[in-house]
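Notes for the one structure printed next.
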Amino acid sequence: MKRRSVLKFLGGAGIGALTASLPIGAEASVLSDESISYAGNDRAYWVSILSKIATPILDNISKQQWRKKMPMEVSPTFDSRDPGVGYLEAFGRLLAGMAPWLALPDDGTEEGKLRKKLRDQALLGIQYGVDPKSPDYFTWRGPSSQTLVDAAHLALAFLRAPKALWEPLDQVTKKRVVEEFKLLRKIKPNESNWLLFAAMTETFLYSAGEECAREKIDYAVNKFDQEWYVGDGWYSDGAHFSFDHYNGYVIHCMQVESLRHNISAGGKYKEMYERAYKRMQRYAHHLERMISPEGYYVVVGRSSTYKNAAFQPLATVALENKLPDDISKGQVRAALTAVLRHIYIDKTFAPSGWLRMGVVGDQQSNLADYYTNAGSMYVASLSFLPLGLPATDEFWTCAPQKWTSQKCWNAEQFPKDYYVSY
């Protein structure tokens, strides 16, 4: 959105000082010209960033020109897999985070008009992505097992917004999606978070009234519920614990969603779901405390190029109005907004519109792993989930508040922290 559109979108909001949710002492230099225009309106800023991320993908795929106009960039250490898998990777990951926002009802606001446009484009993208005759048909059936990962994110999008992204599809497109998902059963997932990718695609099939491979669902959720939970809200990613953000990128939310949408299949899933949700809420505690007083967070472990996707569990409990009692909506919105402002400077986007393969700016391609391509970056959409709350929700209308680390280092009272046993 251009500067003129920004002012219209804000309904005349001023463009003076930076938004109040930025911590004291934050420098304007971390913001682009467009970002400064959103002073005092966090929601408008979030929408502007998500739109900037999504538009190059959705606009091009809706015209069946995506592969033609956006060649797939890959990591300097990229392995031998077909880089074409990156298109499903970008699309599925993008929609997984956008889904709750796209599911909001249509309205006549500038945001509403933008949302409807992007939703319509996303529906065309799904149609073309499963049409073998389309130039933008996704790489579903190649030798790479990566397809399972990204189909799982598309499944997550369907589960998060079925009325917006699944039900409007025509019957031919639905049949093709189901067929492609079932063909993924030939892929044997690794003994890690990959088990949840198989659980997600099968859970979606179950929710759509199709026969599912229930053993894949049960194997995954049982592994994380019983064997790989290491305590205090943290899971091990397989047999060995790694200090990284995969609890945020994948594990908590896919475990919760797999269980949530299988409750109707048996009582055991409800008990496991409630336990998994409490664990996710506890992990959200840790995420909020990881954000420094200035709005930076701890960058550790592999896949650090996934940026703010690490905050998906915190974003989820905010979306569902289930934040822990000692964390306010105002502090979560303020903290996440500060994180976004540090990441989404102009140089984080390539001239072509792609997100670059780093955390911030254009000098961090060394962080890209052997499995990383430009499409991988779009998992960053996962922390934008609170946009699924209407603009009138308290999350967006309440005053910004100091988050925990700000209170701590400003010599103010803040809640004590203790481990949990569930």
Side-chain angles (χ1 to χ4, degrees), residues 1 6 8-14 19-22 35 38-51 53-54 95-119 122 156-157 159-165 248 252-253 256-257 260 277 280-281 283-285 287-288 291 295 308-309 311-341 344 380-404:
M1 298 171 71
V6 165
K8 182 179 179 183
F9 183 39
L10 288 176
T19 176
S21 67
L22 275 176
S35 300
Y38 288 97
N41 192 326
D42 290 346
R43 183 181 179 90
Y45 172 68
W46 284 41
V47 170
S48 76
I49 296 301
L50 187 57
S51 173
I53 291 170
L95 290 195
M98 291 186 74
W101 181 60
L102 296 178
L104 288 176
D106 291 338
D107 59 55
T109 65
E110 291 300 310
E111 179 190 324
K113 294 174 185 176
L114 172 65
R115 186 171 60 243
K116 184 179 187 307
K117 175 184 176 182
L118 294 175
R119 185 199 309 129
L156 181 57
L159 291 170
R160 283 175 168 166
K163 293 186 181 301
L165 297 177
H252 273 290
C253 290
V256 163
E257 294 299 337
R260 187 202 308 267
Y277 207 100
M280 183 169 68
Q281 287 173 310
Y283 189 73
H285 265 124
L287 288 174
E288 192 271 345
I291 302 174
N308 48 293
F311 295 94
Q312 181 184 196
L314 180 59
T316 299
V317 296
L319 170 67
E320 298 179 357
N321 287 308
K322 292 183 179 179
L323 285 168
D325 291 339
D326 58 354
I327 300 179
S328 72
K329 295 179 180 181
Q331 74 188 78
V332 171
R333 191 191 78 232
L336 291 179
T337 300
V339 169
L340 295 180
R341 289 189 181 278
Y344 292 103
S381 74
L382 296 175
S383 81
F384 289 86
L385 294 172
L387 283 174
L389 295 167
T392 55
D393 188 89
E394 182 186 1
F395 182 87
W396 297 109
T397 61
C398 68
Q401 297 178 337
K402 293 179 181 177
W403 51 95
T404 301

_So, taking the atom named OG in Ser51 and the one named CG in Leu114, what distance separates them when rounded to the nearest 0.5 Å?_
4.5 Å
*How many angstroms lie between atom CD1 of Ile327 and atom CG of Leu287, to the nearest 0.5 angstrom?*
9.0 Å
*Considering all heavy atoms, the nearest Ala99-Leu165 contact*: CB-CD1, 3.9 Å
*Which heavy atom in Pro162 sits nearest to a heavy atom in Leu159, and how many Å separate them?*
CD-O, 3.5 Å
*Could you walk me through whether Asn321 and Asp393 pass the side chain to side chain contact (heavy atoms under 4.5 Å, CB included) test, one step at a time?*
CA-CA 10 Å; Asn321 287 308; Asp393 188 89; 4.3 Å; yes
*Spacing of Gln312 atom CD and Leu385 atom CG [to the nearest 0.5 Å]*: 6.0 Å
*Apply side chain to side chain contact (heavy atoms under 4.5 Å, CB included) to Asn308 and Tyr344, showing your working.*
CA-CA 10 Å; Asn308 48 293; Tyr344 292 103; 2.6 Å; yes
*Can a donor-acceptor pair be found between the side chains of Tyr283 and Glu288 at a distance below 3.5 Å?*
no
*When you check the gap from the basic side-chain N to the acidic O, do Asp106 and Lys113 get nearer than 4.0 Å?*
no
_Evaluation steps, side chain to side chain contact (heavy atoms under 4.5 Å, CB included), between Arg333 and Ser328_ = CA-CA 9 Å; Arg333 191 191 78 232; Ser328 72; over 6 Å; no
*Salt-bridge test for Lys116 and Asp107: reply yes if a basic N is under 4.0 Å from a carboxylate O, no otherwise.*
no
*Least distance between heavy atoms, Arg115 atom then Pro105 atom*: NH2-O, 2.8 Å
_Leu387 vs Leu319 side-chain heavy atoms within contact, under 4.5 Å_ = no
*Supply the atom-to-atom distance Asn41 CG to Ser48 OG, rounded to the nearest 0.5 angstrom.*
9.5 Å
*Is any side-chain heavy atom of Trp403 less than 4.5 Å from a side-chain heavy atom of Val332?*
no
*Shortest non-hydrogen contact from Leu102 to Ala122?*
CD1-CB, 4.4 Å
*Point-to-point distance, once rounded to the nearest 0.5 Å, from OG of Ser383 to CG of Leu340*: 5.5 Å
*Distance-minimising heavy-atom pair for Ile291 and Ala335*: CD1-CB, 3.6 Å
*Heavy-atom closest pair, residues Glu111 and Arg43*: OE2-NH2, 2.7 Å
*Less than 4.5 Å apart, any side-chain heavy atom of Val47 and any of Phe384?*
no
*Rounded to the nearest 0.5 Å, what's the gap from CD on Gln281 to OG1 on Thr316? Could you check?*
11.0 Å
*Between Trp396 and Trp46, ring centroids under 6.0 Å*: yes
*Could you walk me through whether Trp101 and Arg119 pass side chain to side chain contact (heavy atoms under 4.5 Å, CB included), step by step?*
CA-CA 9 Å; Trp101 181 60; Arg119 185 199 309 129; over 6 Å; no
